[in-house]
Trainee: 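Here it is, the structure in full.
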Amino acid sequence: MIFRKIMIASIILVVAISLSAGHRKVLLIGIDGVRADALERAKTPTIDWIYRNGFGTMDSWHQDITISGPSWSSILCGVYHDKHGVKDNKFENKQYHRFPMLPIIAKSYMPELKFGMYMEWNKLIKHSTCQKWDQVIKGSIAGTSETASRSAEWLKNSDLDFYFVYFGAADYVGHISGFTRHNPFYRWTLESIDDGVNELIKSLAHRPNYHEEDWLILLTTDHGGTLLTHGGLSAAERQVFWLAYSDRIQKQSLCGIDCGNKNDWANPMNKSLKHHVPVQPDIAVTALHHLLYNTICRTDELNCWSLDGVSWLDQMGMCNDRQRPIEFAYHCDHLEECF
């Protein structure tokens with residue numbers, strides 16, 4: 001009788017542990033061309049909620065070239081342009097064969113992982129071939145409503161491990177009418193994208209196996225802007241945001257200081273402060289750490305890839321197993337009720 005009770009208790013414990021672990025997944029939401037000060041001025045309740053209840057900063061200073069090609073390469077490869085080779089939007093001399101995007105890195109440890117992107121910018125689609133993306137969906141440039149609705153359905157009805165959804169309207173409008181917090185067209189565009197982010201996150205709760213999944217949501221931008229352009233070293237171009245959310249994240253808003261830029265002799269990168277706050281290459285490494293958490297013991301095992309980024313999973317309080325459903329979407333029939 002005692003042996004039988006021990007066996008039943010053991011079975012219950014094993015089931016409980018298996019249910020609590022959860023299948024680790026990542027949603028990366030990339031919003032092109034966002035000045036952090038303009039984002040703070042706009043009415044963006046979804047992103048504001050993530051900032052208040054998640055982990056990250058509005059002071060993640062760009063440390064490399066403030067152009068889309070190099071920036072998205074750093075975000076997806078976990079290294080700066082001196083390694084991935086992309087210096088502009090022509091993608092000439094790219095070194096993705098030496099410093100690949102995160103699908104290749106992740107699949108070298110777990111070949112069964114699946115990666116997908118919904119991308120409005122054709123150039124990034126073109127230059128992401130041979131990087132082992134399992135699904136690539138082409139969107140319309142600056143088509144915010146279409147991106148939100150189509151990618152929300154994609155999130156609900158597909159079974160990938162990493163989703164990258166790209167919104168390009170802010171950059172598009174900034175080039176036409178100005179990257180400034182005082183520009184109403186730019187501000188309204190950010191507010192429309194916030195509605196799209198809301199739709200994406202709500203869609204997670206409608207996934208068939210949602211309660212068995214452990215989601216990490218990451219949000220960032222590639223660069224800010226000034227006047228009608230970007231690519232320089234001004235604060236308006238370099239001050240960007242880096243946010244993360246999970247149901248079990250340790251809420252923390254980081255106040256980041258400018259740690260310099262690799263290309264600015266007057267303000268060189270300060271290596272002693274390099275990882276004071278999250279920066280662009282940390283997106284890839286944090287995502288990899290989450291996806292590979294049960295496969296690699298330490299992020300040191302990624303050293304063979306010579307990554308510039310680091311993982312913030314430990315600081316987020318997420319170096320453990322999931323215990324409960326994601327609160328952000330699960331407890332609200334309508335996400336607006338959270339605010």
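If you read the sequence from its start, that first residue is 1, and numbering goes on from there. Computed from heavy atoms alone, side chains included, the values below leave out hydrogens, waters and symmetry copies.
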Trainee: Compare every heavy atom of Asn261 with every heavy atom of Gln63, then report the nearest pair and how far apart it is.
Mentor: C-ND2, 3.2 Å
Trainee: Please find the pair of heavy atoms, one from Ser177 and one from Asn183, that lie closest to each other, and give the distance.
Mentor: OG-ND2, 2.8 Å
Trainee: Tell me if the NZ atom of Lys87 is crowded by more than 12 foreign heavy atoms within 6.0 Å.
Mentor: no
Trainee: Look at the rings of Phe179 and His230 and say which category their plane angle falls in: under 30° parallel, 30 to 60° tilted, over 60° perpendicular.
Mentor: perpendicular
Trainee: Supply the atom-to-atom distance Phe241 CZ to Tyr51 OH, rounded to the nearest 0.5 angstrom.
Mentor: 12.0 Å
Trainee: Side-chain donor-acceptor pair under 3.5 Å between His289 and Asp314, yes or no?
Mentor: no
Trainee: Would you mind checking if Asp48 and Lys43 are paired as a salt bridge, meaning a charged N to carboxylate O distance below 4.0 Å?
Mentor: no
Trainee: Please check if any side-chain donor atom of Gln131 sits under 3.5 Å from a side-chain acceptor atom of Trp133, or the reverse.
Mentor: no
Trainee: Is there a donor in the side chain of Glu153 and an acceptor in the side chain of Asn157, or the other way round, less than 3.5 Å apart?
Mentor: yes
Trainee: Establish, from distance only, whether the side-chain atoms of Ser74 and His84 form a donor-acceptor pair under 3.5 Å.
Mentor: yes
Trainee: What's the separation between atom CZ in Phe115 and atom NZ in Lys132, rounded to the nearest 0.5 Å?
Mentor: 11.0 Å
Trainee: Checking Glu237 side chain against Gly231 main chain: does a donor-acceptor pair fall under 3.5 Å?
Mentor: yes
Trainee: Check the pair Ser73 / Tyr96 against side chain to side chain donor-acceptor pair (under 3.5 Å), numbers first and verdict last.
Mentor: CA-CA 9 Å; Ser73 296; Tyr96 292 164; 2.6 Å; yes
Trainee: Provide the closest heavy-atom pair for Ser68 versus His223 in the form atom of the first, atom of the second, distance.
Mentor: OG-NE2, 3.1 Å
Trainee: Quiz question: by atom type and distance under 3.5 Å, do the side chains of Asn198 and Thr46 form a donor-acceptor pair?
Mentor: yes
Trainee: Quick one: does Asn89's side chain have a donor or acceptor within less than 3.5 Å of a partner on Gly69's backbone?
Mentor: yes
Trainee: For the residue pair Ser140 and Glu146, confirm or rule out a side-chain donor-acceptor distance under 3.5 Å.
Mentor: yes
Trainee: What distance do Leu160 atom CG and Leu155 atom CG have between them, rounded to the nearest 0.5 Å?
Mentor: 8.5 Å
Trainee: What class does the angle between the rings of Phe185 and Trp188 fall in, given that below 30° is parallel, 30 to 60° is tilted and above 60° is perpendicular?
Mentor: perpendicular
Trainee: State, yes or no, whether a side-chain contact exists between Tyr118 and Thr147 at a heavy-atom distance under 4.5 Å.
Mentor: yes
Trainee: Should we count CZ of Phe91 as having more than 12 external heavy atoms under 6.0 Å?
Mentor: yes
Trainee: Are the side chain of Asp37 and the backbone N or O of Arg181 linked by a donor-acceptor pair below 3.5 Å?
Mentor: no
Trainee: Locate the shortest heavy-atom distance separating Phe164 from Trp154; write the atom from each residue and the value.
Mentor: O-CZ3, 4.2 Å
Trainee: Inspect the surroundings of CG in Leu228 and state if more than 12 heavy atoms from other residues, nucleotides or ligands are less than 6.0 Å away.
Mentor: yes
Trainee: Mind checking the CZ-OG spacing from Arg238 to Ser60? Nearest 0.5 Å is all I need.
Mentor: 10.0 Å
Trainee: Output the distance between atom CD1 (Ile296) and atom CG (Leu288), rounded to the nearest 0.5 Å.
Mentor: 7.5 Å
Trainee: What pair of heavy atoms forms the shortest contact from Tyr186 to Ala170, and how long is it?
Mentor: CE1-O, 3.4 Å
Trainee: Please determine whether salt bridge (charged side-chain N to carboxylate O under 4.0 Å, His left out) holds for the pair Asp308 and Lys262, giving the CA-CA distance in whole Å, both sets of side-chain angles, and the decisive distance to 0.1 Å.
Mentor: CA-CA 12 Å; Asp308 292 325; Lys262 293 175 67 69; 5.8 Å; no
Trainee: Could you check whether any side-chain heavy atom of Glu112 comes within less than 4.5 Å of a side-chain heavy atom of Asp161, counting everything from C-beta outward?
Mentor: no
Trainee: Does the side chain to side chain contact (heavy atoms under 4.5 Å, CB included) test come out yes or no for Leu76 and Leu28, once each step is laid out?
Mentor: CA-CA 10 Å; Leu76 295 173; Leu28 169 59; 4.1 Å; yes
Trainee: I'd like to know if Asp88 and Lys90 make a salt bridge, using a cut-off of under 4.0 Å between side-chain N and carboxylate O.
Mentor: no
Trainee: Determine, step by step, whether Thr220 and Leu218 satisfy the side chain to side chain contact (heavy atoms under 4.5 Å, CB included) criterion, reporting the C-alpha distance in whole Å, the side-chain angles of both residues, the deciding distance to 0.1 Å, and the verdict.
Mentor: CA-CA 7 Å; Thr220 197; Leu218 299 167; over 6 Å; no
Trainee: Going by atom types only, do Ser158 and Gln135 share a side-chain donor-acceptor pair under 3.5 Å?
Mentor: no
Trainee: Shortest non-hydrogen contact from Asp222 to Ser71?
Mentor: O-OG, 3.1 Å
Trainee: So, taking the atom named CG in Leu102 and the one named CD1 in Ile283, what distance separates them when rounded to the nearest 0.5 Å?
Mentor: 10.0 Å
Trainee: Does a donor on one side chain sit under 3.5 Å from an acceptor on the other, for Asp32 and Tyr166?
Mentor: yes
